[in-house]
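Comments concern the structure below.
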Amino acid sequence: MQLLTPHVYWAQRRGEIFLRVDLSDAKNLNISVEENTLQFRGQGHGAKGENEYEFSLEFREPVRPEVEHRSTQRQVDIRVRKQSEHWWDRLTQQEKKPLFLAPDFDRWLTESDVEMELKNKEEERINSIRVESRVHKDPFLGVKRGYLFMYNLVQFLGFSWIFVNMTVRLFILGQDSFYDTFHSTADMMYFCQMMAVLEVINPLLGLVRSAFLPALLQVTGRNVILFVIFGCVDEMQNKAVVFFVFYLWSCIEIFRYPFYMLGVIGTEWKLLTWLRYSLWIPLYPLGTIAEAVAVVQSLALFDETLMFALPLPSLLGGSLSFSYSLRLYLILMFLGLFINFRHLYKQRKRRYRSRKRKQH
C-alpha cells in the first residue's frame with residue numbers, strides 16, 4: 001500500500017500546540033514525539049482515498065514527549081504541550097513550512113486575541129456577579145416551583161390513567177372499546193381539561209414564560225370538543241371518534257407534562273426532551289383532524305335537536321342553528337392549528353439550536 005501524506009492544520013496557545021489531521025475513520029494510529037520530532041502514521045480516508053498516511057514534524061522549540069490524540073469520524077485531533085509557555089513565530093524548525101501543513105483558522109488566535117478573550121470572560125464574570133447582587137431573590141420562588149411541579153405531576157398522572165385505561169380496554173375488547181370510551185374515561189378527562197385552564201392563567205401571572213395565545217387556543221379548542229360536542233350531545237358519546245380524540249390527546253400529554261415537571265427541578269432526560277419536541281409533529285395534526293371529524297358528525301345532530309339554537313325575530317321566523325357556529329369554528333380550528341404548529345416548530349428549532357451552540 002502506497003504511503004501518502006495527509007493534510008495537517010495547526011494552531012497554538014501559550015502552552016500548547018493543536019494539530020488537526022484531515023483523516024476520517026482513522027485506525028491503526030501510531031503517534032509519538034521523539035527528540036522533539038512528532039511522528040504520525042495511520043490508516044484512514046484522506047485526500048487520496050483509503051490509504052496509509054504518515055508525516056513528521058520537527059518543532060521550532062522543545063516540547064514534552066507526551067502526546068494526546070482523539071480520533072473522530074472526520075479527523076484526528078492531536079495536542080502537544082510546549083516545554084515553556086510562550087508564543088512561537090512558526091511551528092517547525094525549518095523556516096519553509098511543509099506543503100501539507102496549513103494554519104487551522106477555526107482555532108487560530110494571536111497572543112493579543114487570547115488576552116482579549118480572557119479579559120472579556122473576566123468582565124462577563126464580574127458583570128454577572130454584579131447583576132446577581134442587585135437582583136433580589138423571589139421569596140415565593142419555592143412556592144411557585146412547588147405549585148408548578150404538583151400541577152404537572154397531577155396532569156401527568158391523569159392523562160396516564162386515561163392512556164393506560166384506553167390501551168388496556170383496546171387490547172381486551174378490540175374495536176368494541178371505541179364506542180364506550182366516553183363513559184369509561186370522561187370523568188378523568190373532564191378533570192384534566194378543567195385543570196388545563198390554569199395553563200392560560202399561569203403565563204398571565206408570570207409563573208411560566210410560555211406564550212399566552214397558543215395556550216388559550218389549545219385549551220379553548222379542546223374544551224369546546226369535550227364539553228360542547230361530546231358532553232352535551234348524548235349521541236356523540238357512543239361514536240368511535242371519541243376514542244381517537246382522547247387517545248391522541250393523552251399520547252401528547254404523557255410526554256409533555258413530565259418534561260415540564262422535570263424542568264421545574266432543573267432535570268432533563270434527553271429521550272424525554274426529544275419526544276416532547278418531536279411527537280407533536282405527527283400527533284398534533286392528527287388530533288386536529290379527529291376533532292374536525294367530531295364537529296362534522298355533530299352538525300346534523302345540532303340541526304335536529306336545535307340545541308343552543310339562536311332564536312330569530314318573528315319576521316325572519318324559526319331560529320339559527322348552532323351548527324353554523326360550528327362551521328365557522330372548523331375554519332378557526334385549522335387556523336389555530338397553523339398558529340400552534342408554527343409556535344411549536346419555533347420552540348423546537350430554538351431548543352436544538354441552543355443545544356448545538358452549547359456543544360460547540
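For the numbers below, each heavy atom of this structure counts, side chains included, while hydrogens, waters and symmetry mates do not.
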Partner of Glu61 under side-chain hydrogen bond (donor to acceptor under 3.5 Å, both in side chains), chosen from Lys82, Gln83, His86, Gln93: His86
Pairwise distance CZ(Arg70) to CZ(Arg79) - rounded to 0.5 angstrom: 11.0 Å
Nearest-0.5 Å distance that lies between atom CG in Asp77 and atom CD in Glu68: 11.5 Å
Plane angle bin for Phe246 and Phe230 - parallel if under 30°, tilted between 30 and 60°, otherwise perpendicular: perpendicular
Parallel, tilted or perpendicular: ring planes of His7 versus Tyr9, cut at 30 and 60 degrees: tilted
Please check if [X] and [Y] belong to a single hydrophobic cluster, counting links between Ile, Leu, Val, Met, Phe, Trp and Tyr side chain heavy atoms closer than 4.5 Å.
| X | Y | answer |
| --- | --- | --- |
| Leu157 | Val197 | yes |
| Phe338 | Ile252 | no |
| Leu337 | Leu335 | no |
| Phe302 | Leu330 | yes |
| Tyr329 | Leu216 | yes |

Under 3.5 Å donor-acceptor, Asn165 side chain and Trp161 backbone: no
Phe156 ring center within less than 6.0 Å of Tyr257 ring center: no
Ring centers of Tyr190, Phe227 separated by less than 6.0 Å: yes
Row check, Tyr324 ring normal vs Arg327 NZ/CZ: under 6.0 Å, within 45°: yes
CA sep, side-chain torsions, deciding dist, call: Ile17, Trp88, side chain to side chain contact (heavy atoms under 4.5 Å, CB included): CA-CA 10 Å; Ile17 296 295; Trp88 297 356; 4.0 Å; yes
For Thr92 against Lys97, the heavy-atom pair lying closest together: OG1-CA, 4.5 Å
Residue among Val245, Leu326, Val242 satisfying side-chain contact (heavy atoms from CB on, under 4.5 Å) with Ile229: Leu326
Qualifying residue for ring pair (Phe, Tyr, Trp, His ring centres under 6.0 Å) with Phe259, from Trp280, Trp269, Tyr277: Tyr277
Any side-chain donor near an acceptor of the partner, Asp22 and Tyr53, under 3.5 Å: no
